[in-house]
Amino acid sequence: MQLLNLTPLDGLFDPHIPALTSTAPKSRFATATRSHLAGELRASHVGAKVKLGGWVHRTRNLGGIVFLDLRDRAGLVQVSFDPKWTPAEALERAGKLGLETVITLEGEVAARPPEMRNAEMETGEIEVRASDFRIVGPANTPAIPVARGRGEKLPAEELRLKHRNLDLRRFELQKNLILRHQLQQTTRKFLDERGYLEIETPILSKPAPSGARDYVVPSRVHPGEFYALPQSPQVYKQLLMISGFDRYFQIARCFRDEDLRADRQPEFTQIDIEASFIVPEDIYSLTEGLLAALWKDAGLEIPPTFERLRYADVMERFGIDRPDTRYALELFDASEAFRGTEFVVTNTVLAAGGRVRGLKVPGGAALSRKQLDEIEGIAKLAGAGGLIRLKRGAAGLEGPAAKFLSESAVQRLAIGEGELCLLVAGPEHVTNPALDRVRQDVAQRLSLVPENKRSFLWVTDFPLFGREQDGTLSSVHHPFTSPHPDDLHLLDSAPEKVRALAYDVVLNGLELGGGSIRINDPSLQRKVLSLLGIGADDAQLRFGFLLDALSAGAPPHGGIAFGFDRLAMVLAGATSLRDVIAFPKTTAAAALFEDAPSAIPPEDLRDLHLQTIAN
RNA sequence: GGGGCCGUAGCUCAGCUUGGUUAGAGCACUCGACUGUCACUCGAGAGGUCGCGGGUUCGAGCCCCGUCGGCCCCGCCA
């Protein structure tokens with residue numbers, strides 16, 4: 001281990017380096033110890049005397065001369081150490097540099113001879129001829145490599161998270177986080193220009209109305225009481241509207257204590273927006289503008305407006321509230337073809353008020369028996385009893401169910417040459433999820449998904465309520481969502497038929513964000529809460545502050561929230577949220593780098609009035 | 001809560017199917033050679049509780065059970 005015994009800036013200022021006099025482009029990254037970033041040097045810098053600081057990415061020691069690739073945030077540049085321009089002593093030291101050592105160096109930018117250029121490097125036209133260098137940050141052999149060999153896989157994710165400081169040195173992650181930064185800046189600029197105020201809301205908060213489990217923080221000064229971390233700033237932003245701020249936004253951290261997925265982290269970031277005196281149209285156009293600005297950051301153009309589909313229609317056509325409409329494959333109702341047949345399966349379902357629905361897959365007749373069995377497996381996993389398969393063969397319609405169908409029914413089904421018809425019988429809550437999975441799987445199998453297409457759409461007219469398994473009503477969006485004014489008369493008689501002024505924005509089957517117009521009438525809010533099983537006393541206890549605020553002069557208001565991490569993931573082309581978050585958690589919600597969560601000393605527990613119990 | 005995959009040198013992996021002496025390779029690391037490389041090349045060397053615990057067996061990296069950790073999925077996530 002080399003002991004340098006440096007104070008942080010010792011040796012970084014070197015009075016012997018002459019002032020830079022070149023006409024080469026100046027860098028906005030210039031500091032007292034550095035004139036440019038390594039990765040920003042180009043042919044236009046040739047002749048410039050430069051001072052660089054960065055990491056040793058790779059070295060090539062040829063004996064008499066040494067090359068190294070110096071890396072910083074902007075990229076790589078080749079530094080050459082050669083007796084023609086490097087003192088023997090420095091050349092000797094350069095040959096011994098270990099990977100990931102931090103050095104500062106001075107030298108001159110030189111054009112490479114034509115045959116020595118490297119077209120694969122952005123800086124490949126030039127190199128920096130080093131006259132001297134200094135180790136300012138010695139490095140142990142890295143636990144995981146930063147520079148990988150061609151074809152070498154990434155280290156295990158566990159190691160990447162444990163040594164996150166090293167993993168974050170990789171270009172891919174630097175690029176992702178830089179893009180994320182740009183998206184944040186664009187968001188702020190876009191919303192600021194439209195009069196939206198960025199206002200922070202508490203992290204130490206109150207338990208959420210319902211839904212996900214809260215992360216909880218014990219109070220030291222209030223024995224036995226707890227804060228909850230916000231699942232979203234929902235109530236705060238409504239209070240801000242009631243206070244008259246009119247337009248609010250926040251790039252807000254949210255917390256939900258639920259089991260994780262590749263696209264789900266326990267703490268995540270939302271672009272949270274709320275405005276007063278608006279209708280859904282206002283949110284649609286704002287969103288379309290904001291998303292266009294964000295996609296532009298990634299160099300992509302998107303449609304100026306998005307198609308709008310009603311919830312009831314997307315469920316009927318696609319079986320899911322966030323359909324991937326890059327490919328057609330729409331569901332249809334085949335019930336009539338099976339009505340009055342001898343087919344027991346469909347008869348039972350039809351008699352019980354269910355339907356036979358499915359899709360016609362162009363080219364699907366080519367799928368093998370084995371593939372069809374796999375598809376049926378997917379449908380069954382999603383809850384279907386089975387999958388009815390029909391295709392047209394030389395002798396007419398083929399498939400186990402074909403013999404039950406009348407001539408006219410066959411006509412009506414109109415299955416074309418080469419088409420495969422896949423049907424599921426059952427009530428909506430069975431056919432929808434099953435056919436959604438089947439539709440997606442078949443599209444994948446037959447390569448029907450256009451890779452570069454971006455299919456944005458709005459889903460509107462969500463129902464206000466859904467039914468829990470025990471039959472009680474629950475909010476589809478959240479309890480503060482306004483019912484559709486045309487449906488208010490149904491609140492008591494047929495609450496599940498009440499539409500909400502709620503909307504989601506969907507891209508390629510991914511929910512990017514969602515929102516609603518909120519209730520601003522306290523009596524209507526009380527009514528909705530009571531339908532949700534929250535009585536007057538309970539409502540006052542949990543949401544009294546909101547109900548009181550609504551009674552104090554509340555403007556009509558509404559908003560939307562976007563999953564910012566997911567936006568960043570999509571735009572970065574990443575497949576995991578962890579690749580667009582600097583310090584993500586594992587699927588068990590653990591932070592491997594700093595080892596959180598961890599035990600705390602007994603005296604701290606006592607201060608918090610807490611005791612741990614064995615289980 | 002449930003299912004699946006993975007865990008062998010600092011890293012990426014082979015070895016496991018069919019149990020059998022000193023567990024291999026590439027990269028990284030150490031030493032040596034090399035004056036235009038760019039995944040430099042060449043030679044030598046060091047480096048292993050085979051995640052952990054238990055079991056079966058004359059014998060376990062390999063088979064069985066449990067456990068820990070990571071990833072993916074279902075449930076869950078208004």
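A:Ser80 comes within 4.0 angstrom of nothing in the nucleic acid, heavy atoms only. Using a 4.0 Å heavy-atom distance criterion, A:Ala147 is classed as making no nucleic acid contact. Contacts of A:Pro113 with the nucleic acid, taken as non-hydrogen atoms under 4.0 Å apart, are absent.
Distance A:Asp595 CG to B:G70 C1': 15 Å, rounded to the nearest Å. Whole-Å rounding puts the A:His478 NE2 to B:C77 P distance at 16 Å. Between A:Leu166 atom CG and B:A28 atom C1' the separation is 13 Å, expressed in whole Å. Atoms CD (A:Gln265) and C1' (B:C72) sit 14 Å apart, rounded to a whole Å. The distance between atom CD1 of A:Ile126 and atom C1' of B:G36, rounded to the nearest whole Å, is 15 Å. If you take CG of A:Leu91 and C1' of B:U35, they are 9 Å apart, rounded to a whole angstrom. Going from atom CD1 of A:Ile378 over to atom P of B:C73 covers 14 Å, rounded to whole Å. B:C71 atom P lies 14 Å from atom CZ of A:Arg264, rounded to whole Å.
Only A:Arg256, A:Glu258, A:Asp259, A:Arg261, A:Ala262, listed by number, bring a heavy atom of residues 249-263 of chain A to less than 4.0 angstrom from any atom of RNA chain B.
Nucleotides B:G59 and B:G3 have their C1' atoms positioned 35 Å apart, rounded to a whole Å. B:C5 and B:C16: their C1' atoms are spaced 16 Å apart (whole Å). Taking atom P in both B:G54 and B:A14, one finds a spacing of 28 Å when rounded to whole Å. For B:G24 and B:A46, the P atoms lie 12 Å apart once the distance is rounded to whole Å. Straight-line distance between the C1' atoms of B:U35 and B:C40: roughly 13 Å, to the nearest whole Å. Going from the P atom of B:C52 to that of B:C62 covers 11 Å, rounded to whole Å. Rounded to a whole angstrom, the distance from the C1' atom of B:U21 to that of B:G4 is 37 Å. Comparing the same atom, P, in B:U57 and in B:G19 gives a spacing of 16 Å after rounding to whole Å.
Taking all atoms of both residues into account, the shortest heavy-atom contact from A:Leu239 to A:Ala549 is CD2-CB, 3.5 Å. Across all their heavy atoms, A:Ala561 and A:Asp272 have their closest contact at CB-OD1, 3.7 Å. Contact between A:Gln525 and A:Leu547 at its shortest, heavy atoms only, is CG-CD2, 3.6 Å.
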Per-nucleotide protein contact string for nucleotides 3-14 of chain B, where B marks a base within reach and S marks sugar-phosphate only (heavy atoms under 4.0 Å, - for neither): -------SBSS-
Nucleotide-resolved protein contact map, nucleotides 37-52 of chain B, B/S/- at heavy-atom distance under 4.0 Å: BBBB------------
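Side-chain contact between A:Gln238 and A:His557 is present, with at least one heavy-atom pair separated by less than 4.5 Å.
Taking the side chain of A:Arg437 as heavy atoms from C-beta on, and the options B:C71, B:U35, B:C74, the nearest nucleotide is B:C74. Comparing B:C72, B:A78, B:C74 by their closest approach to the side chain of A:Arg578 singles out B:C72.
Only one option out of A:Leu309, A:Thr287, A:Asp504 pairs with A:Trp458 in a side-chain contact (heavy atoms from CB on, under 4.5 Å); it is A:Thr287. For the side-chain contact (heavy atoms from CB on, under 4.5 Å) with A:Val128, the qualifying choice from A:Leu105, A:Leu70, A:Leu68 is A:Leu105, the only one to do so.
Enclosure of atom CD in A:Gln444 is not indicated, since only 12 or fewer non-hydrogen atoms of other residues, nucleotides or ligands lie within 6.0 angstrom. By the 6.0 Å contact criterion, CD on A:Glu594 is enclosed, its count of non-hydrogen atoms from other residues, nucleotides or ligands being greater than 12.
For the pair A:Gln250 (side chain) and A:Thr201 (backbone), a donor-acceptor distance under 3.5 Å is present. Judged by distance alone, with hydrogens and angles left aside, the side-chain atoms of A:Arg213 form a donor-acceptor pair with the main-chain N or O of A:Asp257 at under 3.5 Å. Proximity of a side-chain donor or acceptor of A:Thr472 to a complementary backbone N or O of A:Glu468 within less than 3.5 Å is not detected. Judged by distance alone, with hydrogens and angles left aside, the side-chain atoms of A:Arg439 form a donor-acceptor pair with the main-chain N or O of A:Asp324 at under 3.5 Å.
Using a 4.0 Å cut-off, no side-chain N or O of A:Thr587 falls inside it from OP1 or OP2 of B:G70. Taking 4.0 angstrom as the limit, A:Arg566 places none of its side-chain polar atoms (N or O) nearer than this to OP1 or OP2 of B:C77.
Under the 4.0 Å criterion applied to side-chain N and carboxylate O atoms, A:Arg160 and A:Asp579 are assigned as salt-bridge partners.
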